[in-house]
Trainee: 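Structure in structure tokens, see below.
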Amino acid sequence: MDYTRLDDELLISLVQQNQEEALSVLYDRYGRLVYSMAYNALQDQALAEEITQDVFLRIWNKADTFRAEQGKLVTWMTSITRYRAIDVIRRQNVRPEGNQATWIEDPGLDLPSGMDVESEVETLDSSRQIRTAMAQLPDEQRLVLSLAFFQGYTHSLIAETLGEPLGTVKTRIRLAMQKLRQLLQEKDHL
Amino acid sequence: MVQEEHVVDLLAAYALDCLDVDEKIQVDAHISECQQCRAELQTYQDIVEVLPLAMQENTPPSGLKGQILRSARQSQTRPVAQTRASWWEQLAGYLRQTAPVWGLASLVLILLLGVNNLFLWQRVNQIESHSQAPFMSVSMTGTEASPDASGLLVISRDGEHGTLIVDGLATLDPTSQYQLWLIRDGQRTNGGVFSVDQEGYGSLWISSPRPLASYASFGITVEPAGGSPGPTGEKVLGGDL
């Protein structure tokens, strides 16, 4: 049976039955995404590997807690990864090197691969739209979004890190999210 | 009251989870009562959901996948082994302590051992039924008519519905379709008809009159397009629950 053609929901149901091949396909599909999320948050290869392993083992051991009606598997996985990375940053007091925005510059470059056909079309479309929208934001807005999203910094911590007034940081984040929403709505994405 | 003090300006940051504690508490309290702000928040949460698609991607080390699969394999076997060991250790310890009083005591111990074993098996069965409860699947193998075909039938948590995926079946002309049969006590019930693409891949959402988990076997035959009341064509795939 060729598991690579199965959709995410079927794969996760097979993971629940300890089908290692299903976990292997999920890794091929989303391993790069999970690792990238962790790496972008921590800027540390060893920690990113550790988190990627944690996330997939959690999927292996807790697949029965996934509820398809509450959202897509990829959203579940990226959420677990993000909060696991933020937890490491907060608990270990890790301050990732540099504050470079880690958003992709070219909307058409290096789109996620390995997904099932239906998901792939949908994801490629979403990727192009969000990347195009992100590219239109000013650098300072991309930077605060990066610190909030990947590092889990609060308004206050971002202001302290960048040496900017708190009000300025709040405004940048609000404007960035409003602009993204507007651009994506114009493209009939949401 | 709360409705008069909307928290619209804080919702984007709330969705990103970057509010400081006092503001987060304020938003939590407000959105629990304000549908308008909850709807507004959802539009920002939709954006947060797709943000990972805009990040720079990095290639994980080539050995990471193997490492994860090895760890998964190890974590799979550990709990059962631990459960059995602790029971046997307890029993062995008990036997050693009572060794001097053989005779009647031995007989009692044998009985205890039997009872304990019974409890142990019940417990193992319970653990297995819990761990396997959410989904069941049936692997279907090709018959002589289609030796390269394979299929997988996944039954939903409630046992009521299922999804069938097949691979490697021959593409049929438009007058024929494949039909799934649900078999129980020799009776065959229609499980639905489907076609496959040029590569022999097809799928079917199954809804049956009784829980799928109650059927013993499943078979697929070639039938006239739209299906037959009972199997008439050649069997191409089969599998048992």
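Below, chain A is the first sequence line, B the second, and so on; all start at residue 1.
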Trainee: Evaluate the criterion side chain to side chain contact (heavy atoms under 4.5 Å, CB included) for residue pair B/Lys24 and A/Thr154; output intermediate values, then yes/no.
Mentor: CA-CA 10 Å; B/Lys24 187 175 185 308; A/Thr154 60; over 6 Å; no
Trainee: For the candidates B/Asp167, B/Val21, B/Asp17, B/Leu64, which exhibits the highest count of non-hydrogen atom pairs separated by less than 4.5 Å from chain A?
Mentor: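 Highest number of heavy-atom pairs under 4.5 Å: B/Leu64.
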Trainee: Using non-hydrogen atoms and a 4.5 Å limit, figure out which bit of B/Glu40 sits close to chain A: side chain, backbone, both or neither.
Mentor: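 Interface part for B/Glu40: both.
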Trainee: How long is the gap from OG1 on A/Thr75 to CD on B/Gln45, to the nearest 0.5 Å?
Mentor: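 It comes to 11.5 Å.
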Trainee: Taking side chain as C-beta onward, heavy atoms only, is A/Leu14 less than 4.5 Å from B/Leu152?
Mentor: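 They are in side-chain contact.
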Trainee: Would you mind reporting whether B/Leu69 and A/Glu20 have side-chain heavy atoms less than 4.5 Å apart?
Mentor: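 Yes, at least one pair of side-chain atoms sits under 4.5 Å.
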Trainee: Can you tell me how far CD1 of A/Ile173 sits from SG of B/Cys18, rounded to the nearest 0.5 angstrom?
Mentor: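 Between atom SG of B/Cys18 and atom CD1 of A/Ile173 there are 3.5 Å.
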Trainee: Are the side chain of B/Asp20 and the backbone N or O of A/Ser156 linked by a donor-acceptor pair below 3.5 Å?
Mentor: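 Present.
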Trainee: Tell me, side chain or backbone of A/Met37 under 4.5 Å from chain B's heavy atoms, or both, or neither?
Mentor: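 Interface part for A/Met37: both.
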Trainee: Passes side chain to side chain contact (heavy atoms under 4.5 Å, CB included), A/His155 versus B/Leu19? Steps please.
Mentor: CA-CA 6 Å; A/His155 277 150; B/Leu19 285 177; 3.6 Å; yes
Trainee: Can you tell me how far the OG atom of B/Ser75 sits from the CG atom of A/Leu57, to the nearest 0.5 Å?
Mentor: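 Rounded to the nearest 0.5 Å, the OG-CG separation comes to 6.0 Å.
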Trainee: Can you tell if the side chain of B/Pro52 reaches within under 4.5 Å of the side chain of A/Phe149, non-hydrogen atoms only?
Mentor: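 Yes, their side chains come closer than 4.5 Å.
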Trainee: Measure across A/Leu180 and B/Leu51 and return the closest heavy-atom pair with its distance rounded to 0.1 Å.
Mentor: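 Between these two residues, the closest heavy atoms are CD1-CD2, 4.1 Å.
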Trainee: Supply the atom-to-atom distance B/Ile47 CD1 to A/Ile130 CD1, rounded to the nearest 0.5 angstrom.
Mentor: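 Answer for the CD1-CD1 pair, B/Ile47 versus A/Ile130, is 6.5 Å.
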Trainee: Among B/Met140, B/Glu23, B/Glu49, B/Lys65, which has the most heavy-atom pairs under 4.5 Å with chain A?
Mentor: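 Highest number of heavy-atom pairs under 4.5 Å: B/Lys65.
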Trainee: What is the distance from atom CD of A/Gln129 to atom CG of B/Leu53, rounded to the nearest 0.5 Å?
Mentor: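 These two atoms lie 10.5 Å from each other.
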Trainee: Would you mind checking which part of A/Thr78 comes under 4.5 Å of any heavy atom in chain B, side chain (CB onward), backbone (N, CA, C, O), both or neither?
Mentor: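 It is the side chain, since no backbone atom gets that close.
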Trainee: Check this for me: does any side-chain nitrogen of one of A/Arg181 and B/Asp46 sit under 4.0 Å from a carboxylate oxygen of the other?
Mentor: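 Between B/Asp46 and A/Arg181 there is no salt bridge, as every charged N stays at least 4.0 Å from the carboxylate O atoms.
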Trainee: Using a cut-off of under 4.5 Å for heavy-atom pairs, which of B/Ala12, B/Ser150, B/Pro61, B/Pro60 has the most such pairs with chain A?
Mentor: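 Ranked by contacts with chain A, first place is B/Pro60.
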Trainee: Could you tell me whether the side chain of B/Leu11 reaches within less than 4.5 Å of the side chain of A/Met177, counting heavy atoms only?
Mentor: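 Heavy-atom side-chain distance check fails, nothing below 4.5 Å.
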Trainee: With respect to chain B, which residue among A/Met134, A/Gln53, A/Arg82 yields the maximal number of heavy-atom pairs within a distance under 4.5 Å?
Mentor: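 Top count of heavy-atom pairs under 4.5 Å with chain B: A/Gln53.
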Trainee: State whether the side chain of A/Tyr39 and the backbone N or O of B/Asn58 hold a donor-acceptor pair below 3.5 Å, judged by distance alone.
Mentor: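 Not a single qualifying donor-acceptor pair exists.
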Trainee: For a quick test of reading the model, state the closest non-hydrogen atom pair linking A/Tyr35 to B/Thr59 and the distance between them.
Mentor: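 So the minimum-distance heavy-atom pair works out to CE2-O, 3.6 Å.
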Trainee: Do you know which two heavy atoms are closest between B/Asp9 and A/Arg174, and how far apart they sit?
Mentor: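 In this case the closest contact between B/Asp9 and A/Arg174 is O-CD, 3.5 Å.
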Trainee: Side chain to side chain contact (heavy atoms under 4.5 Å, CB included), that's the test. Do A/Trp60 and B/Ile68 meet it? Break it down for me.
Mentor: CA-CA 10 Å; A/Trp60 179 250; B/Ile68 288 169; over 6 Å; no
Trainee: Looking at CD of B/Glu57 and OG1 of A/Thr102, how far apart are the two atoms once the value is rounded to the nearest 0.5 Å?
Mentor: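 Going from the CD atom of B/Glu57 to the OG1 atom of A/Thr102 covers 11.5 Å.
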Trainee: Would you tell me whether B/Gln56 and A/Ser36 have side-chain atoms, one donor and one acceptor, within less than 3.5 Å of each other?
Mentor: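 Side chains of B/Gln56 and A/Ser36: no pair found under 3.5 Å.
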Trainee: Within the structure provided, determine whether A/Leu33 and B/Met55 are in side-chain contact (heavy-atom separation under 4.5 Å).
Mentor: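 Yes, their side chains come closer than 4.5 Å.
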Trainee: Does any heavy atom of chain A fall under 4.5 Å from the side chain of B/Val48, the backbone, both, or neither of them?
Mentor: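 It is both, since atoms from each part get that close.
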Trainee: Any heavy-atom pair between the side chains of B/Leu16 and A/Leu145 that's under 4.5 Å?
Mentor: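 In short, these two side chains touch, coming nearer than 4.5 Å.
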Trainee: State, yes or no, whether a side-chain contact exists between A/Gln178 and B/Tyr44 at a heavy-atom distance under 4.5 Å.
Mentor: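 They are in contact (side-chain heavy atoms under 4.5 Å apart), so the answer is yes.
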